[in-house]
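Notes to accompany the following structure.
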Amino acid sequence: MIKEAIYHRPKHNFAYAYDKETIHIRLRTKRHDVEEVTLIHGDPYVWKEDAWQYDRAPMTKSGSDDLFDYWFVAIKPPYRRLRYSFLLTDNQEQTVYTEKGFYDHVPADDTAYHFCFPFLNEVDVFTPPQWVKETVWYQIFPERFANGDPSLNPEGILPWGSAEPQPDNFFGGDFQGVIDHLDHLTSLGINGLYFTPIFKAYSNHKYDTIDYMEIDPQFGDKETFKKLVQECHKRGIKVMLDAVFNHSGYYFEPFQDVLEKGTDSKYFSWFHMWDQEVKTTPQPNYDTFAFVPEMPKLNTEHPEVKQYLLDVAKYWIEEFDIDGWRLDVANEVDHAFWRDFRRTVKSVKPEVYILGEIWHDSMPWLQGDQFDAVMNYPFTNAVLKFFNGEIPLEAFRNEIMHVEHMYPENVNEVSFNLLDSHDTKRILTYTEENKEAVKLMYLFQLSYGGSPCIYYGDEIGMTGGDDPGCRKCMVWEEDEQDHDLFSFVQGLIERRKTEPAFDNGGRMTFLDDDDLLIYEKKSDNQTLRFVVNTTDCDHSVRLNDKIERVVYQDQKSNVGDQELQVAAEGFVIIEI
Ligand code: ARE
């Protein structure tokens with residue numbers, strides 16, 4: 001047994017409260033090394049004749065990545081306290097892995113040997129809003145979705161879609177445009193809208209806020225925004241806004257005051273100024289987002305700044321009834337701020353979704369006291385690379401399993417799983433316009449757990465490279481939209497809503513196969529099997545299970561009694 005590879009640490013993603021009575025325990029061992037794992041567990045205070053009384057529970061392998069196997073068991077300790085160790089068996093030995101090391105027997109004379117989950121306090125349970133589990137998001141970059149009110153057009157705007165997007169050009173998208181096109185969104189089937197920033201700002205992307213309490217006049221006024229939220233709510237669509245709290249814009253009044261008055265400004269300590277004399281060129285002498293002088297970093301440790309931003313967070317919930325905040329550059333803001341942020345917004349509306357923009361491992365923010373989820377870019381990368389033929393099947397399965405085991409299950413259920421965004425290439429461009437590959441990406445994304453998001457226009461086949469290329473004007477001419485792609489995505493969303501095991505209702509496992517991506521999703525009363533062929537030749541698979549029903553398939557594949565013939569770049573979904 002390779003003991004150096006064995007790892008467990010209470011709390012985080014290895015031992016966590018799933019709900020108010022269940023503790024999930026995970027263990028990591030070297031891949032293909034250990035044959036069996038049993039959890040030795042008991043209440044720390046139950047003793048008989050100087051011996052600790054414990055039970056045994058078999059652990060199952062919940063998945064493997066390229067280096068490790070992961071083992072899992074759920075325990076409901078009667079008194080909500082748990083001491084535990086692991087009994088591991090391979091073909092040569094049996095050993096007990098405790099907090100104090102490895103033993104050849106279960107040390108029962110002192111519970112101090114064992115791992116400790118001291119008490120399952122309900123208030124510490126990670127509890128995201130339940131509606132997020134049933135949400136399919138649609139991301140809108142407001143300047144580019146639809147121009148519904150030409151009277152708001154900023155000066156010098158270009159005719160809709162007449163030019164490639166540039167960092168500084170404008171086309172006049174606005175809220176009325178979104179209201180006018182809500183039918184497109186309900187017909188697609190989405191039920192959450194995420195808007196990149198809408199507050200008064202200088203640029204077309206609005207990440208350089210001038211006033212956090214005002215709507216940017218090019219998008220409309222507060223009345224129109226209120227109407228937009230109400231119209232969305234009427235249709236069962238939630239609304240999430242972008243909170244850019246890491247930095248302000250250059251024209252934010254407090255920053256202008258600092259530029260004007262220097263150390264005499266009462267806002268001097270609202271920012272991270274390096275010197276008494278402020279310089280913006282050639283390099284700013286204050287902290288910024290990246291090296292962008294127009295985006296001075298806000299000092300969120302300053303009580304006034306904190307209070308101001310928390311008031312902003314409350315205001316848009318209280319007055320406009322929004323349902324979520326996406327937090328820009330969330331990992332560069334201090335944790336203490338986010339803890340207060342959570343307390344504040346949840347006290348106004350407990351069901352608000354707090355989504356951090358973090359591209360990396362985010363466990364420190366996902367322990368129930370800060371965010372409900374992060375933008376799951378590790379998922380994005382695995383999907384893009386596999387369906388675009390850059391990594392082999394096994395590497396994909398490993399990466400997805402790795403991502404799944406990075407976080408607790410209750411975190412995964414609300415994870416924001418995107419394929420692209422306003423910061424990346426569009427999927428159709430990523431795949432060099434291989435629409436079939438894009439369809440299979442959607443199939444995987446929309447049959448996976450979490451809370452998937454579609455970037456505006458992808459569903460009708462829009463293309464675009466990295467920022468700013470991915471920010472083209474939405475195409476509304478029917479004859480230029482890809483209706484086949486739209487119906488495909490629509491069909492998947494529909495099945496996500498109607499088939500119990502398609503979404504978070506089903507637990508996913510990969511099945512071994514050298515050529516085809518095969519995975520099952522199991523809920524209490526449904527088992528779905530997904531057979532996906534990403535190769536460019538047809539493949540058949542024999543079936544040992546009886547098919548209850550064909551749930552969905554592409555037109556070229558064939559389903560026989562004993563065999564599935566899956567066409568190149570095709571798929572079959574069956575219920576067994
Ligand atoms: C503009 C230009 C860019 C240029 C950039 C820097 O358009 O071509 O590279 O300036 O000078 C907003 C606008 C952007 C604008 C930017 C600066 O939308 O168009 O770019 O402001 O003016 C990291 C951060 C992550 C951040 C990305 C962009 O961790 O938080 O970089 N994303 C948010 C928003 C952006 C927004 C801002 C931040 C600023 O979503 O839209 O930009 O408010 C790796 C790293 C990540 C890195 C990621 C992307 O994977 O691990 O940490 O994210 O790549 O670069």
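Keep in mind that what you see is a predicted model, and the values were worked out from it rather than measured. First listed ligand is number 1; within each ligand, the first listed atom is number 1.
Taking the six-membered ring where the residue is Trp, Tyr519 and Phe530 present parallel rings, their angle staying beneath 30° rather than reaching 60°. Ring pair Phe195/Phe175 is perpendicular by interplanar angle, where above 60° counts as perpendicular and below 30° as parallel. A parallel orientation is assigned to the rings of Trp476 and His181, their planes being inclined by less than 30° (bins at 30° and 60°). Taking the six-membered ring where tryptophan is involved, the planes of Phe289 and His247 are tilted, since the angle between them lies from 30° to 60°. Aromatic ring pairs are classed by plane angle as parallel below 30°, tilted from 30° to 60° and perpendicular above 60°; the pair Trp365 and Phe371 is parallel.
Remark: distances from the non-hydrogen atoms of Glu294 to ligand 1 are all 4.0 Å or more. In this structure, Met295 counts as a contact residue of ligand 1, since one of its heavy atoms falls inside 4.0 Å of the ligand.
The option with the heavy atom closest to atom 28 (C) of ligand 1, from among Val292, Asp423, Asp466, Asp467, is Asp423. For the residues Phe141, Phe291, Tyr207, Phe289, the heavy atom positioned nearest atom 31 (O) of ligand 1 is part of Phe289.
Counted within 6.0 Å of CD on Glu253, heavy atoms from surrounding residues, nucleotides or ligands total 12 or fewer; the atom is thus considered open.
Any N or O atom pair closer than 3.5 Å counts here, and Asn331 shares no such pair with ligand 1.
Scanning the protein heavy atoms around atom 29 (O) of ligand 1, the nearest turns out to be Trp359 CD1, 4.3 Å. Of the protein's non-hydrogen atoms, the one nearest atom 18 (O) of ligand 1 is Arg471 NH2, 2.9 Å. For atom 38 (C) of ligand 1, the nearest non-hydrogen atom of the protein is Asp328 OD1, 3.2 Å.
Residue contacts with ligand 1, taken as heavy atom pairs separated by less than 4.0 Å, do not involve Met375 at all. Here His422 has side-chain heavy atoms under 4.0 Å from ligand 1, and that is the only part of it that gets that close. With a heavy-atom cut-off of 4.0 Å, Gln166 does not touch ligand 1 at all. When heavy-atom distances to ligand 1 are checked against a 4.0 Å cut-off, Thr196 has no atom that comes that close, whether in backbone or side chain.
Contact check on Lys472 versus Glu480 returns no salt bridge, with no Lys/Arg side-chain nitrogen under 4.0 Å from an Asp/Glu carboxylate oxygen. With salt bridges taken as basic N to acidic carboxylate O contacts below 4.0 Å, one links Glu231 and Arg235.
Distance check for atom 33 (C) of ligand 1: a protein heavy atom is found below 4.0 Å. For atom 4 (C) of ligand 1, the nearest protein heavy atom lies 4.0 Å away or farther. Per-atom contact check: atom 51 (O) of ligand 1 touches the protein, criterion being a heavy-atom distance below 4.0 Å. Shown here, atom 23 (C) of ligand 1 is out of close reach of the protein: none of its heavy atoms lies under 4.0 Å off. Under the 4.0 Å distance rule, the nearest protein heavy atom to atom 55 (O) of ligand 1 falls outside the cut-off.
Here the two rings, on Phe444 and Phe386, have centers that are 6.0 Å apart or farther. Here Tyr286 and Phe255 bring their ring centres to under 6.0 angstrom of each other.
The distance from ligand 1 to the heavy atoms of Val329 drops below 4.0 Å at these ligand atoms: 30 (O), 38 (C). The contact set between ligand 1 and Glu357, taken as ligand atoms under 4.0 Å from a residue heavy atom, comprises 25 (C), 26 (C), 30 (O), 32 (N), 33 (C), 34 (C), 40 (O). Listed by number with element, the atoms of ligand 1 under 4.0 angstrom from any heavy atom of His360 are 45 (C), 51 (O), 52 (O). Residue contact check: His247 has heavy atoms under 4.0 Å from atoms 39 (C), 43 (O) of ligand 1.
A donor atom on one side chain and an acceptor atom on the other are found under 3.5 Å apart for Glu390 and Asn388.
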Verdict with supporting geometry, Tyr207 and His205, ring pair (Phe, Tyr, Trp, His ring centres under 6.0 Å):
CA-CA 6 Å; Tyr207 279 98; His205 53 68; 5.7 Å; yes

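With Ser62 as the fixed residue, the side-chain hydrogen bond (donor to acceptor under 3.5 Å, both in side chains) test singles out one of His405, Arg26, Glu409: His405.
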